[in-house]
Peer 1: 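Would you mind keeping the following structure in view while I ask a few things?
Not measured: the values here are computed from a predicted model. When a ligand or atom number is given, it counts from 1 through the structure's own listing order.
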Amino acid sequence: MALLQIAEPGMSAAPHQHRLAVGIDLGTTNSLVATVKSGSASCLPDEQGRVTLPSVVRYLSDDQIRVGYEALAEQKTDPLNTVSSAKRLIGRTLADLSQQPHYLPYRFGQSGQVIELHTRHGLKTPIEVSSEILKTLKTRAEESLGGALVGAVITVPAYFDDAQRQATKDAARLAGLNVLRLLNEPTAAAIAYGLDNGSEGTFVVYDLGGGTLDVSVLELSKGLFQVKATNGDSALGGDDFDQRLFCHLLEQHGLSQLNEQDGSHLLALCRRAKETLTREPEALIETAFSDGRAFRATVTRQEFHDLTRHLVQKTIEPVKQALKDAGVSKSDIKGVIMVGGSTRMLHVQQAVATFFGQTPLNNLNPDEVVALGAAMQADVLAGNKSGGEWLLLDVIPLSLGLETYGGLAEKIIPRNATIPTARAQDFTTFKDGQTAMTVHVVQGERELVADCRSLAKFTLRGIPPMTAGAARIRVTFQVDADGLLSVSAQEQSTGVQAQIEVKPSYGLDDETITKMLQESMSKASDDMAARARAEAAVEAESLLGAVSAALKLDADLLGETELAAIRNDIAALEGRLKNGTAEDIRAATAALGASTDNFAAKRMNRNIQRALAGQSIDDI
Ligand code: ADP
Ligand code: MG
């Protein structure tokens with residue numbers, strides 16, 4: 001969540017000198033490196049001419065490390081020492097992982113907040129694994145460009161939180177790369193399509209990769225790129241299509257007893273057939289199993305589309321949600337950008353086209369587009385290109401707020417607010433003479449603090465003693481360009497202040513965010529009831545406090561029956577507070593209010609008389 005400002009002052013190079021900079025798409029499934037040569041961006045191929053590098057790292061027995069296609073091919077035979085999907089682990093804790101519905105076959109450990117994997121090379125963090133991928137791409141680029149890189153722009157999903165971004169930067173540093181900037185993947189795609197050149201309006205980036213779907217709504221205006229909302233499914237991607245075809249073949253051919261090796265081989269063939277079907281109307285799957293049995297099947301495109309239509313439909317829900325969160329409708333969308341290898345599938349393109357009622361932008365290679373955009377930005381940042389100054393803004397994924405009396409969450413910065421941002425709100429004390437106040441910072445959409453995520457707590461001390469409700473405490477929430485939240489509280493009359501810095505999204509993955517959002521929607525009515533009750537309770541407690549304080553001072557003003565009636569109503573209200581509904585509490589509060597009306601009037605008279613005593617008429 002960084003504010004990205006391009007074309008920084010003082011970064012322009014001498015005119016004759018071209019500084020070598022690259023863009024890197026560090027993907028879950030595949031990674032790529034691209035650069036701008038003679039004004040146009042292209043991906044750099046390996047020696048065999050392949051531009052994609054499978055994001056797989058294998059730690060071999062002879063201290064060697066292998067990255068890419070070979071590692072991928074060997075994964076099944078050496079799963080514990082061959083790490084794929086490190087992007088799912090980077091910047092996460094084991095606790096975060098337990099909320100992911102993913103099976104990853106590694107032996108996990110954790111040191112501090114960082115996940116570790118036991119490999120034959122010892123403990124490896126996802127940061128180290130990712131750095132191997134980055135090193136491979138760095139070497140490829142330097143060999144191909146014939147010089148050392150001044151830096152790289154590395155892309156990350158728009159929903160990556162601060163910890164995930166920081167970890168990605170660490171991986172780059174470990175690989176010896178100078179990170180010019182982290183760039184959001186959808187923004188990189190938009191840049192690759194040249195949308196930064198004067199395009200205005202709202203765009204959707206639909207990114208279906210190997211294992212994940214990421215949907216982003218971007219708004220472009222006057223050189224400002226803004227991510228309005230993100231949504232997606234971290235457990236839906238091309239792999240699910242392979243799997244579906246694989247299961248279909250097993251059923252169709254009665255292959256229940258395939259051993260693991262035959263199984264993974266057939267799965268790989270299914271993936272290849274899926275990819276063939278985007279170019280050809282049918283694909284042939286032919287192999288021999290380890291027991292010598294021959295296997296042969298033909299799959300038509302139509303058949304494959306029918307088998308996987310439900311998966312395609314499933315990708316539309318997050319699209320709808322993202323539009324809703326961004327507060328736009330389909331008809332507001334000026335263009336839809338297709339990103340990720342899986343958007344090559346024709347029924348995916350059709351479904352997206354039908355949903356939006358327009359042909360998506362897909363003339364750039366969907367698995368290269370993110371790297372190309374990153375390369376274009378790297379070129380600008382390295383000072384090779386003048387002009388083009390864009391501001392790229394991000395949003396906060398969940399509302400930030402604080403706990404108010406009664407366990408209620410008061411939102412200060414709403415979800416999807418653009419960062420950087422600062423908002424302030426005034427609060428007051430609840431009790432007479434209260435000199436300290438605890439500020440409990442929470443994140444989430446729900447009404448009750450108990451249902452939100454607690455981020456931090458701090459105490460403001462030294463509030464001058466005043467009657468309840470008289471102090472003015474201004475609480476300011478500030479989220480900086482890097483997504484870091486700081487909260488400060490200041491008592492307005494004395495200026496005493498306390499503050500704290502928090503990382504708002506630390507360790508929160510999109511899964512959790514989605515879950516929290518879903519809960520907030522499905523439980524909205526429960527929450528309203530809980531909120532109503534909590535509010536009624538706050539009012540009741542405040543009245544009880546005031547009445548008991550008054551009784552201590554001025555009970556002598558009351559006759560015996562009147563005093564008994566008040567005590568009776570106090571007891572009734574206390575009972576309601578324990579187990580009554582909001583309605584009950586309000587009724588009992590009103591009753592106590594009524595029975596103390598006369599008492600309040602008598603006290604007021606007494607206070608006026610006291611105040612007047614010793615003053616001359618002229619003073620009044
Ligand atoms: P990620 O962003 O997750 O690293 P990619 O964007 O590289 O992933 O997408 C990888 C996925 O794209 C894989 O599931 C792969 O099978 C799929 N893919 C690549 N080419 C094609 C194709 N021609 N047809 C269908 N799917 C494809
Ligand atoms: Mg990708």
Side-chain angles (χ1 to χ4, degrees), residues 23-34 43 50-57 67-69 72 83-90 102 129-130 133-134 137 154-160 168 182-190 192 205-216 230 232-246 267-283 299 301 304-305 307-308 311-312 315 337-352 362 364-374 510:
I24 293 179
D25 172 3
L26 183 60
T28 312
T29 319
N30 294 306
S31 298
L32 298 93
V33 59
C43 287
R50 303 171 295 203
V51 294
T52 51
L53 175 75
S55 305
V56 185
V57 176
V67 180
Y69 285 98
L72 175 64
V83 186
S84 59
S85 297
K87 192 171 177 177
R88 289 188 187 277
L89 309 176
I90 202 161
H102 264 275
V129 177
S130 300
I133 298 164
L134 292 171
L137 294 174
I154 298 178
T155 58
V156 290
Y159 61 79
F160 252 29
T168 304
L182 294 181
L183 179 62
N184 283 334
E185 289 164 9
T187 307
V205 179
Y206 175 100
D207 181 348
L208 189 61
T212 55
L213 168 70
D214 299 326
V215 181
S216 316
T230 67
D233 188 334
S234 62
L236 179 60
D239 298 346
D240 298 288
F241 291 74
D242 310 347
Q243 198 71 42
R244 184 67 201 97
L245 178 56
F246 173 73
L267 181 61
L269 292 178
C270 287
R271 180 178 186 168
R272 200 178 305 160
K274 168 193 79 175
E275 297 178 4
T276 304
L277 289 172
T278 57
R279 301 179 301 268
E280 315 278 343
E282 60 179 52
V299 187
R301 183 183 286 163
F304 175 67
H305 285 186
L307 279 173
T308 54
L311 294 172
V312 178
T315 68
I337 300 174
M338 299 297 263
V339 179
S342 299
T343 61
R344 285 226 170 86
M345 289 185 284
L346 301 172
H347 56 335
V348 171
Q349 293 188 22
Q350 276 156 11
V352 174
N362 60 1
L364 290 178
N365 196 328
D367 28 44
E368 294 184 3
V369 55
V370 167
L372 296 176
D510 58 330

Peer 1: What do you reckon, does D242 have a nitrogen or oxygen under 3.5 Å from a nitrogen or oxygen of ligand 1?
Peer 2: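 So ligand 1 has no N or O lying under 3.5 Å from an N or O of D242.
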Peer 1: When you measure from atom 3 (O) of ligand 1 to every protein heavy atom, which one gives the shortest distance, and what is it?
Peer 2: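 Going by distance alone, atom 3 (O) of ligand 1 is nearest to T29 OG1, 2.8 Å.
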Peer 1: Atom 23 (N) of ligand 1: which protein heavy atom is closest, and how many Å away?
Peer 2: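 Checking every protein heavy atom, the shortest distance to atom 23 (N) of ligand 1 gives T278 OG1, 3.2 Å.
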Peer 1: Of C270, G238, S342, which has the heavy atom at the shortest distance from atom 11 (C) of ligand 1?
Peer 2: S342
Peer 1: Over 60° means perpendicular and under 30° means parallel, so classify the ring planes of F304 and F241, tilted if in between.
Peer 2: tilted
Peer 1: Could you tell me whether a side-chain N or O of S342 sits under 3.5 Å from a main-chain N or O of G209, the two making a donor and an acceptor?
Peer 2: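 At least one qualifying donor-acceptor pair exists.
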Peer 1: How far is atom 25 (C) of ligand 1 from its nearest protein heavy atom, and which residue and atom name does that atom have?
Peer 2: M345 CG, 3.6 Å
Peer 1: Please could you name the atoms of ligand 1 that T28 approaches to less than 4.0 Å, counting only its heavy atoms?
Peer 2: 3 (O), 4 (O)
Peer 1: Show me which atoms of ligand 1 lie under 4.0 Å from any heavy atom of G340.
Peer 2: 6 (O)
Peer 1: Between the side chains of Y206 and S216, is a donor N or O closer than 3.5 angstrom to an acceptor N or O?
Peer 2: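 Looking only at side-chain atoms, S216 and Y206 do not form any donor-acceptor pair under 3.5 Å.
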Peer 1: List every atom of ligand 1 that sits less than 4.0 Å from any heavy atom of G27, numbering the atoms from 1 in the order shown and giving each element.
Peer 2: 4 (O)
Peer 1: Among all protein heavy atoms, pick out the one at the shortest distance from atom 19 (C) of ligand 1; state its residue, atom name and that distance to 0.1 Å.
Peer 2: E275 OE2, 3.6 Å
Peer 1: Tell me the protein heavy atom at minimum distance from atom 8 (O) of ligand 1, and give that distance in Å.
Peer 2: G210 N, 3.3 Å
Peer 1: Which residue and non-hydrogen atom of the protein lie closest to atom 6 (O) of ligand 1, and at what distance in Å?
Peer 2: G341 N, 2.9 Å
Peer 1: Given R279, R271, R272, which one has a non-hydrogen atom that is nearest to atom 13 (C) of ligand 1?
Peer 2: R271
Peer 1: For residues R344 and N365, is any side-chain donor paired with an opposing acceptor at under 3.5 Å?
Peer 2: yes
Peer 1: Under the 3.5 angstrom rule, does the side chain of R88 hit a backbone N or O of G211 as a donor-acceptor pair?
Peer 2: yes
Peer 1: Which distance, rounded to the nearest 0.5 Å, do you find between the CG of L182 and the OG1 of T155?
Peer 2: 9.0 Å
Peer 1: With distance as the sole test, does R301 use its side chain to make a donor-acceptor pair with the main-chain N or O of L277 at under 3.5 Å?
Peer 2: yes
Peer 1: Quick test: of every protein heavy atom, which one is nearest to atom 2 (O) of ligand 1, and how far off is it to 0.1 Å?
Peer 2: G209 CA, 4.1 Å
Peer 1: Please answer whether the main-chain N or O of P186 pairs with a side-chain N or O of N184 as donor and acceptor at a distance below 3.5 Å.
Peer 2: no
Peer 1: Just checking, is any N or O donor in the side chain of S31 or S55 under 3.5 Å from an acceptor N or O on the other one?
Peer 2: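 Judged by distance alone, the side chains do pair up.
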Peer 1: Using a 4.0 Å heavy-atom cut-off, say whether N30 meets ligand 1 through its side chain, its backbone, both or neither.
Peer 2: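 For N30, backbone and side-chain atoms both sit under 4.0 Å from ligand 1.
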Peer 1: Under the side-chain contact (heavy atoms from CB on, under 4.5 Å) criterion, do L26 and E185 qualify, and how do the steps go?
Peer 2: CA-CA 10 Å; L26 183 60; E185 289 164 9; over 6 Å; no
Peer 1: For atom 20 (N) of ligand 1, state which one of K87, E185, R344, E368 supplies the nearest heavy atom.
Peer 2: R344
